[in-house]
Amino acid sequence: MQTLTDPFARAISYLRVSVTDRCDFRCSYCMSEHMTFLPKAELLTLEELDRLCSRFIALGMTKLRVTGGEPLVRKGILTFFEAMSRHLASGALRELTLTTNGSQLSKFAAPLAALGVRRVNVSLDTLDADKFARITRWGRLPQVLEGIAAARAAGLRVKINAVALKGFNEDELTSLTDWCAREGHDLTFIEVMPMGDDMGEALRLDQYWPLKDLRARLAQRFTLTELDQRTGGPARYVRLNETGQTIGFITPLTHNFCESCNRVRLTCTGQLYMCLGQEDMADLRAPLRSSPDDAALEAAIHAAIARKPKGHDFDYSRRVSDGKLSGQITRHMSHTGG
Ligand code: SF4
(Lines give C-alpha, C1' and ligand atoms only; values in the text may rest on other atoms or scores of the structure.)
Protein backbone atom coordinates (compact mmCIF):
# COMPACT_ATOMS: atom_id res chain seq x y z
CA MET A 1 0.00 0.00 0.00
CA GLN A 2 1.13 3.54 -0.74
CA THR A 3 1.83 5.98 2.04
CA LEU A 4 2.06 9.72 2.16
CA THR A 5 5.20 10.78 3.98
CA ASP A 6 6.14 14.37 4.65
CA PRO A 7 9.65 15.87 4.56
CA PHE A 8 10.10 15.09 8.27
CA ALA A 9 9.45 11.37 7.74
CA ARG A 10 6.00 11.52 9.32
CA ALA A 11 3.50 9.16 7.71
CA ILE A 12 0.30 11.10 7.06
CA SER A 13 -2.56 8.75 7.76
CA TYR A 14 -5.35 10.85 9.28
CA LEU A 15 -7.61 13.12 7.26
CA ARG A 16 -10.12 15.43 8.84
CA VAL A 17 -12.66 16.50 6.29
CA SER A 18 -15.22 19.24 6.69
CA VAL A 19 -18.31 18.51 4.62
CA THR A 20 -20.12 21.79 5.27
CA ASP A 21 -19.61 25.22 6.79
CA ARG A 22 -23.23 25.26 7.98
CA CYS A 23 -24.53 24.47 11.41
CA ASP A 24 -27.90 24.37 13.12
CA PHE A 25 -26.36 25.97 16.24
CA ARG A 26 -24.72 29.35 16.62
CA CYS A 27 -22.26 28.78 19.46
CA SER A 28 -21.12 32.19 20.52
CA TYR A 29 -17.42 31.30 20.44
CA CYS A 30 -17.70 29.87 16.94
CA MET A 31 -20.20 31.76 14.81
CA SER A 32 -22.05 35.01 14.81
CA GLU A 33 -25.80 34.73 15.00
CA HIS A 34 -26.33 35.93 11.45
CA MET A 35 -23.83 34.01 9.42
CA THR A 36 -23.30 34.29 5.70
CA PHE A 37 -22.44 30.85 4.47
CA LEU A 38 -20.54 29.93 1.35
CA PRO A 39 -22.37 29.81 -1.97
CA LYS A 40 -23.17 26.25 -3.01
CA ALA A 41 -20.89 26.34 -6.06
CA GLU A 42 -17.91 26.85 -3.76
CA LEU A 43 -18.61 23.65 -1.86
CA LEU A 44 -17.39 20.30 -3.02
CA THR A 45 -20.29 18.09 -4.04
CA LEU A 46 -20.70 14.80 -2.20
CA GLU A 47 -19.38 13.05 -5.31
CA GLU A 48 -16.31 15.30 -5.31
CA LEU A 49 -15.78 14.67 -1.59
CA ASP A 50 -15.98 10.93 -2.30
CA ARG A 51 -13.45 11.21 -5.12
CA LEU A 52 -11.05 13.33 -3.10
CA CYS A 53 -11.25 11.24 0.08
CA SER A 54 -10.97 8.02 -1.92
CA ARG A 55 -7.79 9.34 -3.52
CA PHE A 56 -6.38 10.16 -0.07
CA ILE A 57 -7.30 6.68 1.15
CA ALA A 58 -5.62 5.13 -1.89
CA LEU A 59 -2.54 7.13 -0.86
CA GLY A 60 -2.52 5.69 2.65
CA MET A 61 -5.01 7.56 4.84
CA THR A 62 -6.35 5.04 7.31
CA LYS A 63 -8.45 7.31 9.50
CA LEU A 64 -11.11 9.73 8.34
CA ARG A 65 -12.92 12.13 10.64
CA VAL A 66 -15.92 13.94 9.21
CA THR A 67 -16.55 17.44 10.60
CA GLY A 68 -18.40 20.64 9.75
CA GLY A 69 -19.89 23.11 10.73
CA GLU A 70 -22.25 20.37 11.68
CA PRO A 71 -21.63 17.46 9.32
CA LEU A 72 -25.04 15.88 9.79
CA VAL A 73 -26.88 18.93 8.43
CA ARG A 74 -25.32 18.40 5.01
CA LYS A 75 -28.08 17.19 2.73
CA GLY A 76 -27.56 13.59 1.64
CA ILE A 77 -24.64 13.10 4.06
CA LEU A 78 -25.37 9.39 4.46
CA THR A 79 -24.50 8.93 0.80
CA PHE A 80 -21.02 10.14 1.64
CA PHE A 81 -20.69 7.86 4.68
CA GLU A 82 -21.95 5.00 2.53
CA ALA A 83 -19.30 5.79 -0.08
CA MET A 84 -16.59 5.83 2.61
CA SER A 85 -17.85 2.59 4.14
CA ARG A 86 -16.69 0.71 1.06
CA HIS A 87 -13.13 1.58 2.10
CA LEU A 88 -13.82 0.15 5.57
CA ALA A 89 -15.08 -3.01 3.89
CA SER A 90 -11.94 -3.26 1.75
CA GLY A 91 -9.72 -2.75 4.81
CA ALA A 92 -8.05 0.34 3.32
CA LEU A 93 -9.71 2.58 5.90
CA ARG A 94 -9.42 1.53 9.54
CA GLU A 95 -11.62 4.15 11.12
CA LEU A 96 -14.47 6.33 9.94
CA THR A 97 -15.66 8.76 12.55
CA LEU A 98 -17.25 12.17 13.04
CA THR A 99 -17.43 15.17 15.30
CA THR A 100 -20.91 16.53 15.80
CA ASN A 101 -22.98 18.81 17.99
CA GLY A 102 -25.31 15.85 18.51
CA SER A 103 -28.47 17.59 17.30
CA GLN A 104 -29.13 15.11 14.50
CA LEU A 105 -27.86 11.93 16.13
CA SER A 106 -31.31 10.59 17.01
CA LYS A 107 -31.94 10.30 13.31
CA PHE A 108 -28.48 9.34 12.13
CA ALA A 109 -26.85 7.23 14.85
CA ALA A 110 -28.28 3.88 13.74
CA PRO A 111 -27.56 4.35 10.01
CA LEU A 112 -24.05 5.59 10.81
CA ALA A 113 -23.38 2.55 12.98
CA ALA A 114 -24.70 0.31 10.21
CA LEU A 115 -22.20 1.96 7.84
CA GLY A 116 -19.27 1.14 10.10
CA VAL A 117 -18.91 4.21 12.31
CA ARG A 118 -17.82 3.06 15.77
CA ARG A 119 -17.07 6.29 17.63
CA VAL A 120 -18.43 9.79 17.68
CA ASN A 121 -17.20 13.00 19.32
CA VAL A 122 -20.00 15.18 20.63
CA SER A 123 -19.36 18.82 21.53
CA LEU A 124 -21.23 19.54 24.76
CA ASP A 125 -20.17 22.25 27.19
CA THR A 126 -22.90 22.11 29.81
CA LEU A 127 -25.66 19.89 31.18
CA ASP A 128 -27.72 22.91 32.20
CA ALA A 129 -30.51 23.47 29.66
CA ASP A 130 -30.59 27.25 30.09
CA LYS A 131 -26.87 27.65 29.81
CA PHE A 132 -26.84 25.32 26.82
CA ALA A 133 -29.45 27.44 25.04
CA ARG A 134 -27.47 30.55 25.88
CA ILE A 135 -24.13 29.39 24.58
CA THR A 136 -25.37 27.59 21.46
CA ARG A 137 -28.07 30.22 20.84
CA TRP A 138 -30.12 27.85 18.64
CA GLY A 139 -29.41 24.54 20.35
CA ARG A 140 -31.65 22.71 22.80
CA LEU A 141 -30.11 20.35 25.34
CA PRO A 142 -32.79 17.60 25.37
CA GLN A 143 -32.35 17.11 21.63
CA VAL A 144 -28.61 16.58 22.09
CA LEU A 145 -29.04 14.26 25.07
CA GLU A 146 -31.50 12.20 23.03
CA GLY A 147 -28.98 12.10 20.23
CA ILE A 148 -26.24 10.89 22.58
CA ALA A 149 -28.56 8.22 23.97
CA ALA A 150 -29.37 7.12 20.41
CA ALA A 151 -25.66 6.90 19.67
CA ARG A 152 -25.10 4.62 22.67
CA ALA A 153 -28.14 2.55 21.78
CA ALA A 154 -26.69 2.09 18.30
CA GLY A 155 -23.45 0.82 19.86
CA LEU A 156 -21.34 3.92 19.21
CA ARG A 157 -18.67 4.95 21.67
CA VAL A 158 -19.17 8.60 22.65
CA LYS A 159 -16.55 11.15 23.56
CA ILE A 160 -17.77 14.42 24.99
CA ASN A 161 -15.71 17.50 24.10
CA ALA A 162 -16.36 20.31 26.57
CA VAL A 163 -14.95 23.79 26.16
CA ALA A 164 -13.83 24.97 29.60
CA LEU A 165 -15.16 28.43 30.42
CA LYS A 166 -14.61 30.12 33.73
CA GLY A 167 -17.84 31.35 35.23
CA PHE A 168 -19.84 29.35 32.68
CA ASN A 169 -19.28 25.64 33.26
CA GLU A 170 -16.69 25.92 36.02
CA ASP A 171 -19.30 24.77 38.54
CA GLU A 172 -20.07 21.73 36.36
CA LEU A 173 -16.63 20.18 36.40
CA THR A 174 -17.74 17.51 38.83
CA SER A 175 -21.23 16.99 37.43
CA LEU A 176 -19.95 16.65 33.86
CA THR A 177 -17.26 14.23 34.98
CA ASP A 178 -19.72 12.20 37.04
CA TRP A 179 -22.27 12.17 34.25
CA CYS A 180 -19.68 10.87 31.78
CA ALA A 181 -18.61 8.19 34.30
CA ARG A 182 -22.21 7.08 34.79
CA GLU A 183 -23.02 7.06 31.09
CA GLY A 184 -19.71 5.51 30.05
CA HIS A 185 -18.62 8.43 27.86
CA ASP A 186 -15.05 9.57 27.40
CA LEU A 187 -14.47 13.22 28.23
CA THR A 188 -12.05 15.83 26.97
CA PHE A 189 -11.78 19.39 28.17
CA ILE A 190 -10.71 22.07 25.73
CA GLU A 191 -9.11 25.34 26.65
CA VAL A 192 -10.32 28.37 24.77
CA MET A 193 -8.61 31.70 24.78
CA PRO A 194 -10.78 34.74 24.21
CA MET A 195 -9.10 37.62 22.47
CA GLY A 196 -11.32 40.61 22.58
CA ASP A 197 -14.55 41.98 21.26
CA ASP A 198 -14.98 39.61 18.36
CA MET A 199 -15.69 36.79 20.75
CA GLY A 200 -19.29 37.84 21.30
CA GLU A 201 -21.15 38.43 24.48
CA ALA A 202 -20.95 34.90 25.85
CA LEU A 203 -17.19 34.59 25.81
CA ARG A 204 -15.31 37.29 27.60
CA LEU A 205 -11.71 37.65 28.63
CA ASP A 206 -12.56 36.79 32.22
CA GLN A 207 -13.90 33.44 31.03
CA TYR A 208 -10.46 32.12 30.16
CA TRP A 209 -10.04 29.02 32.28
CA PRO A 210 -6.56 27.54 31.91
CA LEU A 211 -6.68 23.77 31.87
CA LYS A 212 -3.93 23.57 34.46
CA ASP A 213 -6.38 25.16 36.91
CA LEU A 214 -9.16 22.82 35.89
CA ARG A 215 -6.81 19.91 36.30
CA ALA A 216 -5.75 21.10 39.74
CA ARG A 217 -9.43 21.32 40.67
CA LEU A 218 -10.02 17.76 39.47
CA ALA A 219 -7.03 16.64 41.53
CA GLN A 220 -8.74 17.93 44.69
CA ARG A 221 -11.37 15.28 44.23
CA PHE A 222 -9.67 12.52 42.25
CA THR A 223 -6.27 10.89 42.10
CA LEU A 224 -4.93 11.61 38.62
CA THR A 225 -2.56 9.24 36.88
CA GLU A 226 -0.76 10.68 33.84
CA LEU A 227 -1.22 8.45 30.80
CA ASP A 228 1.26 8.14 28.01
CA GLN A 229 -1.53 7.76 25.50
CA ARG A 230 -0.63 9.51 22.27
CA THR A 231 -2.91 9.82 19.28
CA GLY A 232 -0.55 11.93 17.19
CA GLY A 233 -2.72 14.84 18.28
CA PRO A 234 -2.77 17.58 20.88
CA ALA A 235 -4.68 15.82 23.68
CA ARG A 236 -3.01 14.82 26.93
CA TYR A 237 -4.75 12.18 29.03
CA VAL A 238 -5.06 11.29 32.69
CA ARG A 239 -6.89 8.47 34.44
CA LEU A 240 -9.10 9.18 37.43
CA ASN A 241 -8.15 6.32 39.72
CA GLU A 242 -11.43 6.39 41.64
CA THR A 243 -13.65 5.94 38.56
CA GLY A 244 -11.23 4.51 36.00
CA GLN A 245 -12.23 7.28 33.57
CA THR A 246 -9.84 8.66 31.02
CA ILE A 247 -9.98 12.44 30.80
CA GLY A 248 -8.35 14.37 27.96
CA PHE A 249 -7.07 17.93 27.98
CA ILE A 250 -6.49 20.01 24.89
CA THR A 251 -4.89 23.40 24.84
CA PRO A 252 -4.52 25.04 21.45
CA LEU A 253 -1.08 26.34 22.28
CA THR A 254 0.61 23.04 23.03
CA HIS A 255 3.49 22.16 20.81
CA ASN A 256 3.98 18.71 22.18
CA PHE A 257 2.59 16.68 19.32
CA CYS A 258 4.17 18.19 16.20
CA GLU A 259 6.89 15.59 15.95
CA SER A 260 4.31 12.80 15.76
CA CYS A 261 1.70 14.72 13.74
CA ASN A 262 0.01 12.37 11.29
CA ARG A 263 -2.84 14.56 10.08
CA VAL A 264 -4.06 17.09 7.60
CA ARG A 265 -7.36 18.96 7.30
CA LEU A 266 -9.53 19.38 4.23
CA THR A 267 -12.14 22.14 4.07
CA CYS A 268 -15.53 21.80 2.42
CA THR A 269 -14.22 23.91 -0.46
CA GLY A 270 -11.31 21.57 -1.13
CA GLN A 271 -8.51 23.46 0.58
CA LEU A 272 -5.98 21.26 2.29
CA TYR A 273 -4.38 22.63 5.45
CA MET A 274 -1.19 20.76 6.15
CA CYS A 275 -0.91 22.08 9.71
CA LEU A 276 -3.64 23.15 12.12
CA GLY A 277 -1.61 26.05 13.37
CA GLN A 278 -0.44 27.55 10.10
CA GLU A 279 -2.16 29.35 7.29
CA ASP A 280 -0.48 27.58 4.40
CA MET A 281 -2.93 25.56 2.34
CA ALA A 282 -3.21 23.90 -1.02
CA ASP A 283 -6.22 24.20 -3.29
CA LEU A 284 -7.27 20.71 -4.33
CA ARG A 285 -10.58 21.77 -5.86
CA ALA A 286 -8.99 23.16 -9.02
CA PRO A 287 -7.09 19.97 -9.93
CA LEU A 288 -10.13 17.92 -8.88
CA ARG A 289 -12.42 19.83 -11.21
CA SER A 290 -9.90 20.24 -14.03
CA SER A 291 -10.00 16.62 -15.10
CA PRO A 292 -11.93 13.42 -14.41
CA ASP A 293 -8.55 11.73 -14.30
CA ASP A 294 -6.89 11.75 -10.85
CA ALA A 295 -3.32 12.37 -12.03
CA ALA A 296 -3.36 16.15 -11.46
CA LEU A 297 -5.15 15.71 -8.14
CA GLU A 298 -2.65 13.15 -6.93
CA ALA A 299 0.26 15.38 -7.93
CA ALA A 300 -1.33 18.28 -6.03
CA ILE A 301 -1.74 16.11 -2.92
CA HIS A 302 1.90 15.02 -3.05
CA ALA A 303 3.05 18.61 -3.56
CA ALA A 304 0.95 19.74 -0.58
CA ILE A 305 2.27 17.04 1.75
CA ALA A 306 5.79 17.99 0.72
CA ARG A 307 5.02 21.45 2.21
CA LYS A 308 3.80 20.16 5.57
CA PRO A 309 5.70 22.24 8.12
CA LYS A 310 7.72 20.82 10.96
CA GLY A 311 5.65 22.45 13.68
CA HIS A 312 2.82 24.82 14.29
CA ASP A 313 2.79 28.46 15.05
CA PHE A 314 -0.49 29.88 16.22
CA ASP A 315 -1.10 33.48 15.38
CA TYR A 316 -4.36 34.35 17.06
CA SER A 317 -4.47 37.94 15.91
CA ARG A 318 -4.44 36.81 12.31
CA ARG A 319 -7.24 34.33 12.89
CA VAL A 320 -9.42 36.89 14.60
CA SER A 321 -8.92 39.45 11.87
CA ASP A 322 -9.99 36.76 9.38
CA GLY A 323 -13.24 36.49 11.28
CA LYS A 324 -12.38 33.04 12.58
CA LEU A 325 -12.66 32.93 16.30
CA SER A 326 -10.46 31.04 18.65
CA GLY A 327 -13.38 28.89 19.71
CA GLN A 328 -13.59 27.57 16.21
CA ILE A 329 -9.87 26.99 16.12
CA THR A 330 -10.19 25.18 19.39
CA ARG A 331 -13.02 23.02 18.13
CA HIS A 332 -10.81 22.20 15.19
CA MET A 333 -8.05 21.26 17.57
CA SER A 334 -10.43 19.11 19.52
CA HIS A 335 -11.45 17.39 16.34
CA THR A 336 -7.90 16.23 16.01
CA GLY A 337 -7.60 14.97 19.53
CA GLY A 338 -8.89 11.46 19.10
S1 SF4 B 1 -19.12 25.10 17.75
FE2 SF4 B 1 -19.93 23.42 16.54
S3 SF4 B 1 -22.10 23.35 17.12
FE4 SF4 B 1 -21.38 25.33 17.73
S5 SF4 B 1 -21.85 26.69 15.99
FE6 SF4 B 1 -19.72 25.96 15.76
S7 SF4 B 1 -19.88 24.19 14.42
FE8 SF4 B 1 -21.95 24.60 15.28
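Order of listing sets the numbers, starting from 1, for every ligand and every atom in it. Just the heavy atoms: all of them, side chains too, but no hydrogens, waters or symmetry mates, feed the values below.
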Using 4.0 Å as the upper bound for N to carboxylate O, is an ion pair formed by [Y] and [X]?
X	Y	value
E48	R285	no
R134	D128	no
E33	R26	no
R140	E146	no

(request) Compute the minimum heavy-atom distance from G69 to ligand 1 and say whether it is under 4.0 Å. (result) yes

(request) Answer yes or no for C30: is there an N/O/S atom below the 2.8 Å cut-off from atom 8 (Fe) of ligand 1? (result) no

Contact atoms of ligand 1, heavy-atom distance to [X] under 4.0 Å:
X	answer
N101	3 (S)
F25	3 (S), 5 (S)
C23	3 (S), 5 (S), 7 (S), 8 (Fe)

(message) Taking atom CZ as the centre, does R239 end up with more than 12 heavy-atom neighbours from other residues, nucleotides or ligands that are less than 6.0 angstrom away?
(response) no

